[in-house]
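Here's the structure, in structure tokens; my notes come after.
The structure displayed is predicted, hence computed values, not measured ones.
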Amino acid sequence: MILADLITYDVLRVIWWVLLGVLLIGFAMTDGFDMGVGALLPFVAKTDIERRIAINTVGPVWEGNQVWFILGGGAIFAAWPLVYAVSFSGFYLAMFAVLAALILRPVAFKYRSKRDAKAWRSTWDWALFVGGAVPALIFGVAVGNVLQGVPFRLTPELVSYYEGSSYLWKFLDLLNPFALLTGIVSVTMLLTHGAAWLALKAEDPVAARARSIGSVTGMVTIAGYALAGLWLAFGFQGYAIVGEAVTDGPSNPLFSEVVRTSTWLTAYADRPWIVIAPILAFAGMIMAVRDLRSDREVSTLLWSQLGIFGAISSVGLTMFPFILPSSFDPNSSLTVWDASSSHNTLFIMLIATVIFMPIVLAYTAWVYKVLWGKVTEAEVTGSSDSVY
């Protein structure tokens with residue numbers, strides 16, 4: 001394909017690595033506050049009206065926000081098929097739990113207000129809590145395991161095999177101390193993000209309780225993120241490609257030689273500029289906590305988004321070029337340079353993204369502009385548009 005030659009294979013691989021990060025960060029920034037609100041629901045809202053206010057802050061947007069997750073999964077499948085195959089095989093039960101929780105959430109949204117019975121609505125409120133807290137926890141646990149390396153190996157035919165006797169034991173192995181720490185950081189980060197959203201969109205007392213809880217979860221996020229960084233620096237080995245990487249070669253991880261290094265943080269010695277990512281993570285969360293305590297609204301959400309951007313970016317930049325390292329056989333590790341689709345496939349996908357992504361972003365911005373403003377008790381009880 002002649003047009004594809006305009007962008008070299010190695011550049012396309014980096015572009016799609018960046019785009020994958022954009023999709024994951026977009027999911028965390030948008031659907032993240034939906035999950036945060038759901039996880040906060042039993043604690044920020046004491047009456048049925050208060051719960052309806054909290055739910056209606058995300059009711060009109062949660063479906064659109066969840067599309068970022070679908071796009072992220074689709075991008076992994078199309079641009080990084082080997083990553084998709086290996087990761088979904090190893091995290092099978094974990095992904096099943098995430099999907100079950102994400103399926104439970106829309107059912108809870110739709111069925112909660114179908115009956116006035118207190119027990120009925122309370123059950124669905126706790127379902128919204130599960131639908132928010134469980135994915136946040138498992139996504140964080142997955143990141144912790146990826147940083148440690150995943151116990152798989154590739155055959156010469158690129159078939160992946162995992163160590164472990166059963167899917168259940170593989171799932172339980174994911175729940176190791178470091179992964180649980182990153183899971184807690186993920187949960188508290190999205191709780192803080194949800195609190196920032198409620199501070200912007202809800203009225204008191206829901207907003208006041210959200211600000212109080214978010215101040216605490218924000219501080220836990222900062223402390224947990226710092227502890228995870230120290231643990232990563234001194235508790236685990238990193239990965240490195242021996243010699244000069246072949247950036248435009250075939251997508252076969254077994255062609256590269258990979259070794260374990262002293263720490264992942266050698267990346268900061270090799271590329272000092274990436275320190276901006278953890279700085280943004282700390283700065284964003286610190287300022288979000290400050291603004292929550294100062295009863296600020298728009299700036300709180302923006303700072304929270306900056307913190308999420310920095311935290312997720314720090315993981316990707318620290319690991320680059322590795323996407324899914326193997327703890328069992330380092331030579332089977334999947335990197336940006338050897339786990340992608342073909343040159344033509346990446347180029348065609350890029351053209352489609354250049355056309356449709358601006359449309360998606362413009363429509364999303366328009367939706368949030370139309371829905372700008374607080375959700376009040378009067379609107380919830382008096383408007384037919386409020387169905388939750």
**Report entry** Student check: side-chain heavy atoms of Q305 and H193 closer than 4.5 Å
**Finding:** yes

Query - Any residue meeting salt bridge (Lys or Arg N to Asp or Glu O under 4.0 Å) with K46, in chain and number order, not counting sequence neighbours - result: none

**Report entry** Side-chain heavy-atom pair F33, V61 within 4.5 angstrom cut-off
**Finding:** yes

Query raised in the report: Would you say S251 and S341 make side-chain contact, with heavy atoms under 4.5 Å?
Result: no

Query raised in the report: Taking D34 for the side chain and V58 for the main chain, is one N or O donor matched with an acceptor at less than 3.5 Å?
Result: no

Query raised in the report: Do any pairs count as a side-chain hydrogen bond (donor to acceptor under 3.5 Å, both in side chains) and have a residue in residues 266-286, sequence neighbours left out, and if so which ones?
Result: Y268-T318

Query raised in the report: Got more than 12 heavy atoms from elsewhere within 6.0 Å of CZ, F139?
Result: yes

Requested in this report: Kindly say whether T182 contributes a backbone atom to a donor-acceptor pair with the side chain of S186 at under 3.5 angstrom?
Outcome: no

Query - D116: salt bridge (Lys or Arg N to Asp or Glu O under 4.0 Å) partners, not counting sequence neighbours - result: R121

Requested in this report: Take V146 and F322 through the side-chain contact (heavy atoms from CB on, under 4.5 Å) test and state the conclusion after the steps.
Outcome: CA-CA 10 Å; V146 169; F322 291 91; over 6 Å; no

Requested in this report: Kindly say whether I49 contributes a backbone atom to a donor-acceptor pair with the side chain of E377 at under 3.5 angstrom?
Outcome: no

Query raised in the report: Do the rings of W126 and F43 sit parallel, tilted or perpendicular, given the 30° and 60° boundaries?
Result: perpendicular

Query raised in the report: Where do A202 and A207 come nearest, in terms of heavy atoms and distance?
Result: O-CB, 3.5 Å

Requested in this report: Check the hydrophobic clustering (I, L, V, M, F, W, Y; side-chain heavy atoms under 4.5 Å; chains of links allowed) and say if L306 and V275 are grouped together.
Outcome: yes

Query raised in the report: Does E157 offer a backbone N or O that forms a donor-acceptor pair with the side chain of T155 under 3.5 Å?
Result: yes

Query - Distance-minimising heavy-atom pair for L200 and E297 - result: CD1-CB, 3.9 Å

Report task. Report the C-alpha distance between R13 and D338 in whole Å, list the side-chain angles of each, state the deciding distance to 0.1 Å, and finish with yes or no for salt bridge (charged side-chain N to carboxylate O under 4.0 Å, His left out). Result -> CA-CA 9 Å; R13 283 167 160 166; D338 54 28; over 6 Å; no

Query raised in the report: To the nearest 0.5 Å, how far apart are CZ in F109 and CG in L104?
Result: 10.5 Å

**Report entry** N252 to L158 - nearest heavy-atom pair and separation
**Finding:** OD1-CD2, 3.5 Å

Query raised in the report: Does the side chain of M35 reach to within under 4.5 Å of the side chain of F27, using non-hydrogen atoms?
Result: yes

Requested in this report: Any ring-ring contact (aromatic ring centres under 6.0 Å, His included) involving residues 206-227? Give me the pairs, sequence neighbours left out, ordered by first then second residue.
Outcome: Y225-F282

Report summary line: With sequence neighbours left out, the residues meeting side chain to side chain contact (heavy atoms under 4.5 Å, CB included) with L227 are L181

Query raised in the report: Is T192 reaching over with its side chain to a backbone N or O of G218, donor-acceptor style, under 3.5 angstrom?
Result: yes

Query raised in the report: Do N344 and S342 get their side chains close enough for a donor-acceptor pair, meaning under 3.5 Å?
Result: no

Report task. Please name the residue in the list N331, V86, L324, L82 that meets the side chain to side chain contact (heavy atoms under 4.5 Å, CB included) test with P253. Result -> L82

Query - Which residues share a salt bridge (Lys or Arg N to Asp or Glu O under 4.0 Å) with D31, sequence neighbours left out - result: R105

Requested in this report: Determine, for K374 against D204, whether the closest basic-nitrogen to carboxylate-oxygen distance falls under 4.0 angstrom.
Outcome: no

Query - L292 CG to T300 OG1 distance, which is reported to the nearest 0.5 Å - result: 5.0 Å

Report summary line: Looking only at heavy atoms, the pair that brings A97 and V134 closest together is O-CG1, 4.2 Å

**Report entry** CE-CG distance between M29 and L302, expressed to the nearest 0.5 angstrom
**Finding:** 9.5 Å

Query raised in the report: Is there side-chain contact between P250 and F255, with heavy atoms separated by less than 4.5 Å?
Result: yes

Requested in this report: Only pairs at least two apart or in different chains count here, so list each side-chain hydrogen bond (donor to acceptor under 3.5 Å, both in side chains) that has a residue in residues 73-85.
Outcome: none

Query raised in the report: Are the side chain of S332 and the backbone of L154 linked by a donor-acceptor contact shorter than 3.5 Å?
Result: yes

Considering only distance and modelled atom types, tabulate donor-acceptor pairs under 3.5 Å from the side chains of residues 229-244, sequence neighbours left out.
residue: Y239; atom: OH; partner: R260; partner atom: NH1; Å: 3.2
residue: Y239; atom: OH; partner: S326; partner atom: O; Å: 3.2
residue: Y239; atom: OH; partner: S327; partner atom: N; Å: 3.4

Query raised in the report: Under the salt bridge (Lys or Arg N to Asp or Glu O under 4.0 Å) test, which residues partner D329, sequence neighbours left out?
Result: none

Requested in this report: Taking the side chain as every heavy atom from C-beta outward, state whether I15 and L19 have any pair of such atoms under 4.5 Å apart.
Outcome: yes

**Report entry** Side-chain heavy atoms of T30 within contact of W197, under 4.5 Å
**Finding:** no

Query raised in the report: Hey, what do you get for CG (L191) to CD1 (I184), rounding to the nearest 0.5 Å?
Result: 11.5 Å

When the side chains of residues 71-79 are checked against the rest of the protein, which donor-acceptor pairs come out under 3.5 Å, sequence neighbours left out?
none

Query - N/O donor-acceptor pair under 3.5 Å between T221 side chain and M189 backbone - result: yes

Requested in this report: Find the distance between OG1 (T376) and CG (N56) and round it off to the nearest 0.5 Å.
Outcome: 10.0 Å

Query raised in the report: Atom CZ of R112 and atom OG of S122: how far apart are they, to the nearest 0.5 Å?
Result: 9.0 Å

Report task. Kindly give the heavy-atom pair with the smallest separation between A288 and S304, and that separation in Å. Result -> CB-N, 3.9 Å

Report summary line: By side chain to side chain contact (heavy atoms under 4.5 Å, CB included), M287 pairs with (sequence neighbours left out) R290, W303

Requested in this report: For F88, look at atom CZ and say whether over 12 heavy atoms of other residues, nucleotides or ligands are found less than 6.0 Å away.
Outcome: yes

Distance-only donor-acceptor hits, side chain of residues 355-366, under 3.5 Å, sequence neighbours excluded:
residue: T364; atom: OG1; partner: V360; partner atom: O; Å: 2.8

Report summary line: Looking only at heavy atoms, the pair that brings S215 and R293 closest together is OG-CG, 3.3 Å

Query raised in the report: Is there a side-chain contact between I274 and F320 (heavy atoms, below 4.5 Å)?
Result: no

